[in-house]
Amino acid sequence: AMDLPHAGSTLPAAVRKRFLLTALIGNAVSYFIINGFLALAPHVGERLHLGPSQAIWLTCTLLITRAFAFALFWRWEGWHYRMGWAQAALWLAPGCVAGIFFSPSLPLVAALMGVLGVAAGLTYYGSIYYSLEYGEEKGQGGGRHEAVLGLGILAGPLVGALATRVTGHVEGGKTAILAISLLVTLALTLRYGRAREG
């Protein structure tokens with residue numbers, strides 16, 4: 001059963017809508033970051049002097065921790081309608097990918113992959129939860145959730161590839177992914193980050 005102190009039905013519709021929009025856009029940014037990273041992951045592995053099989057396991061750290069995050073945020077509902085949790089997940093994602101792209105330390109990169117997985121899990125869970133919680137047409141909300149996933153999945157590798165092509169080196173792709181994710185996160189925070197929780 002839903003944790004009653006965090007039930008969205010007790011909040012004004014405008015507040016719930018701000019949480020919904022924050023989660024939807026944040027999830028698009030999260031998928032943009034993750035899929036941009038996945039396209040450039042071989043270069044990250046080479047920079048850390050990893051072979052292909054080692055680099056694959058490093059990448060799996062992100063997916064494994066994301067799966068654990070789903071289980072955690074399913075069982076613990078204290079993040080419901082708490083803007084601090086949403087903002088933490090939003091800002092951790094570009095912060096982590098900056099370290100992953102540019103840090104020379106393998107232990108640090110592995111740790112950041114795990115944190116990114118948890119942040120991505122919370123952003124995803126928030127997107128689907130608020131989409132289905134807000135408004136009367138729950139199925140339509142789920143469709144919006146899926147649409148932003150597709151946007152991020154397409155845009156991340158596309159931006160990375162185009163920036164790499166334009167600049168002539170992979171660092172340009174990494175920088176473009178990081179810059180765009182930071183700009184969108186900043187705009188999202190300025191627009192919705194002060195949403196009241198009721």
Side-chain angles (χ1 to χ4, degrees), residues 2-3 5-8 11 15-38 59-101 103 108-134 141-142 144-153 155-156 159 174 177-198:
M2 186 178 187
D3 191 359
H6 303 122
L11 298 175
V15 172
R16 289 187 288 125
K17 185 174 183 179
R18 285 197 292 270
F19 275 93
L20 169 62
L21 293 174
T22 298
L24 285 173
I25 300 169
N27 201 33
V29 173
S30 176
Y31 266 74
F32 172 81
I33 288 171
I34 289 173
N35 286 276
F37 158 72
L38 292 176
T59 303
C60 286
T61 304
L62 164 65
L63 303 176
I64 291 169
T65 54
R66 184 171 171 265
F68 278 115
F70 287 156
L72 170 64
F73 297 124
W74 169 50
R75 300 296 298 175
W76 177 69
E77 299 178 340
W79 57 272
H80 288 179
Y81 292 101
R82 296 289 183 259
M83 188 56 77
W85 282 96
Q87 288 294 315
L90 285 174
W91 284 102
L92 278 171
C96 287
V97 84
I100 291 166
F101 278 158
S103 173
L108 177 58
V109 169
L112 291 172
M113 294 281 276
V115 175
L116 178 59
V118 174
L122 178 54
T123 305
Y124 181 96
Y125 219 134
S127 176
I128 196 165
Y129 175 79
Y130 296 128
S131 291
L132 297 177
E133 171 71 9
Y134 177 78
R144 286 192 296 266
H145 165 81
E146 294 300 324
V148 300
L149 300 189
L151 178 63
I153 290 169
V159 166
K174 295 176 183 177
I177 290 169
L178 180 59
I180 290 173
S181 63
L182 282 170
L183 287 173
V184 175
T185 299
L186 177 60
L188 190 57
T189 299
L190 293 174
R191 180 67 179 88
Y192 298 116
R194 291 186 292 276
R196 294 294 180 264
E197 298 165 8

A.B. asks: For the residue pair Pro94 and Ile33, what are the closest heavy atoms and their distance?
C.D. replies: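 Of all heavy-atom pairs spanning Pro94 and Ile33, the closest is N-CD1, 3.7 Å.
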A.B. asks: Examine distances only and state if a side-chain atom of Ser181 and a backbone atom of Leu178 form a donor-acceptor pair shorter than 3.5 Å.
C.D. replies: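 Such a contact is found between Ser181 side chain and Leu178 backbone.
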A.B. asks: Sequence neighbours left out, what passes side-chain hydrogen bond (donor to acceptor under 3.5 Å, both in side chains) with Tyr130? Give chain and number order.
C.D. replies: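 So Tyr130 forms no side-chain hydrogen bond (donor to acceptor under 3.5 Å, both in side chains) with any residue.
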A.B. asks: Of all heavy-atom pairs between Ser131 and Leu24, which one has the smallest distance, and what is that distance?
C.D. replies: OG-CD2, 3.5 Å
A.B. asks: Just so I know, are the side chains of Tyr31 and Leu151 near enough to count as touching, which here means a heavy-atom distance under 4.5 Å?
C.D. replies: no
A.B. asks: Checking Val109 now: which residues fulfil side-chain contact (heavy atoms from CB on, under 4.5 Å) with it, not counting sequence neighbours?
C.D. replies: Leu48, Leu58, Ile100, Ser103, Met113
A.B. asks: Would you name the heavy atoms of Ala120 and Arg66 that are closest together and state the gap between them?
C.D. replies: CB-CD, 4.2 Å
A.B. asks: List the residues meeting ring pair (Phe, Tyr, Trp, His ring centres under 6.0 Å) with Trp85, not counting sequence neighbours, and say none if there are none.
C.D. replies: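 Per chain and number, Trp85 pairs via ring pair (Phe, Tyr, Trp, His ring centres under 6.0 Å) with Trp76.
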A.B. asks: Would you find a donor on one side and an acceptor on the other, under 3.5 Å apart, between the side chain of Ser30 and the backbone of Gly26?
C.D. replies: no
A.B. asks: With sequence neighbours left out, what residues match Phe101 under ring pair (Phe, Tyr, Trp, His ring centres under 6.0 Å)?
C.D. replies: none
A.B. asks: Going by the rule ring pair (Phe, Tyr, Trp, His ring centres under 6.0 Å), which residues pair with Phe37 if we only count those two or more places apart in sequence or in a different chain?
C.D. replies: none
A.B. asks: Not counting sequence neighbours, which residues clear side-chain contact (heavy atoms from CB on, under 4.5 Å) with Leu188? List them please.
C.D. replies: Thr22, Ile25, Leu90, Tyr192
A.B. asks: Could you tell me whether the side chain of Leu182 reaches within less than 4.5 Å of the side chain of Trp91, counting heavy atoms only?
C.D. replies: yes
A.B. asks: Could you grab the distance from atom SG of Cys96 to atom CG of Leu116, nearest 0.5 Å is fine?
C.D. replies: 5.5 Å
A.B. asks: For His80 and Tyr129, work out which heavy atoms get closest and say how close.
C.D. replies: ND1-OH, 3.3 Å
A.B. asks: List the residues meeting side-chain contact (heavy atoms from CB on, under 4.5 Å) with Leu38, not counting sequence neighbours, and say none if there are none.
C.D. replies: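 In terms of side-chain contact (heavy atoms from CB on, under 4.5 Å), with neighbours along the sequence ignored, Leu38 is linked to Ile34, Asn35, Thr59.
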A.B. asks: Let me confirm one number: the CZ-CZ distance from Arg191 to Arg18, rounded to the nearest 0.5 Å.
C.D. replies: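 The distance works out to 8.0 Å.
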A.B. asks: If you look at every heavy atom in Thr123 and Ala89, which pair is closest and at what distance?
C.D. replies: OG1-CB, 3.4 Å
A.B. asks: For Phe73, does its backbone N or O pair with a side-chain atom of Trp79 as donor and acceptor, under 3.5 Å?
C.D. replies: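 Checking the backbone N and O of Phe73 against the side chain of Trp79, a donor-acceptor pair under 3.5 Å is found.
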A.B. asks: Would you please name every residue forming a side-chain contact (heavy atoms from CB on, under 4.5 Å) with Ile64, sequence neighbours left out?
C.D. replies: Cys60, Phe68
A.B. asks: How long is the straight-line distance from CZ of Phe70 back to OH of Tyr125, given to the nearest 0.5 Å?
C.D. replies: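 That separation rounds to 8.5 Å.
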A.B. asks: Does Asn27 form a side chain to side chain contact (heavy atoms under 4.5 Å, CB included) with Phe32? I'd like the steps, not just the answer.
C.D. replies: CA-CA 8 Å; Asn27 201 33; Phe32 172 81; over 6 Å; no
A.B. asks: Might you point out which heavy atoms bring Ala119 and Leu92 nearest each other, and give the distance in Å?
C.D. replies: CB-CB, 4.0 Å
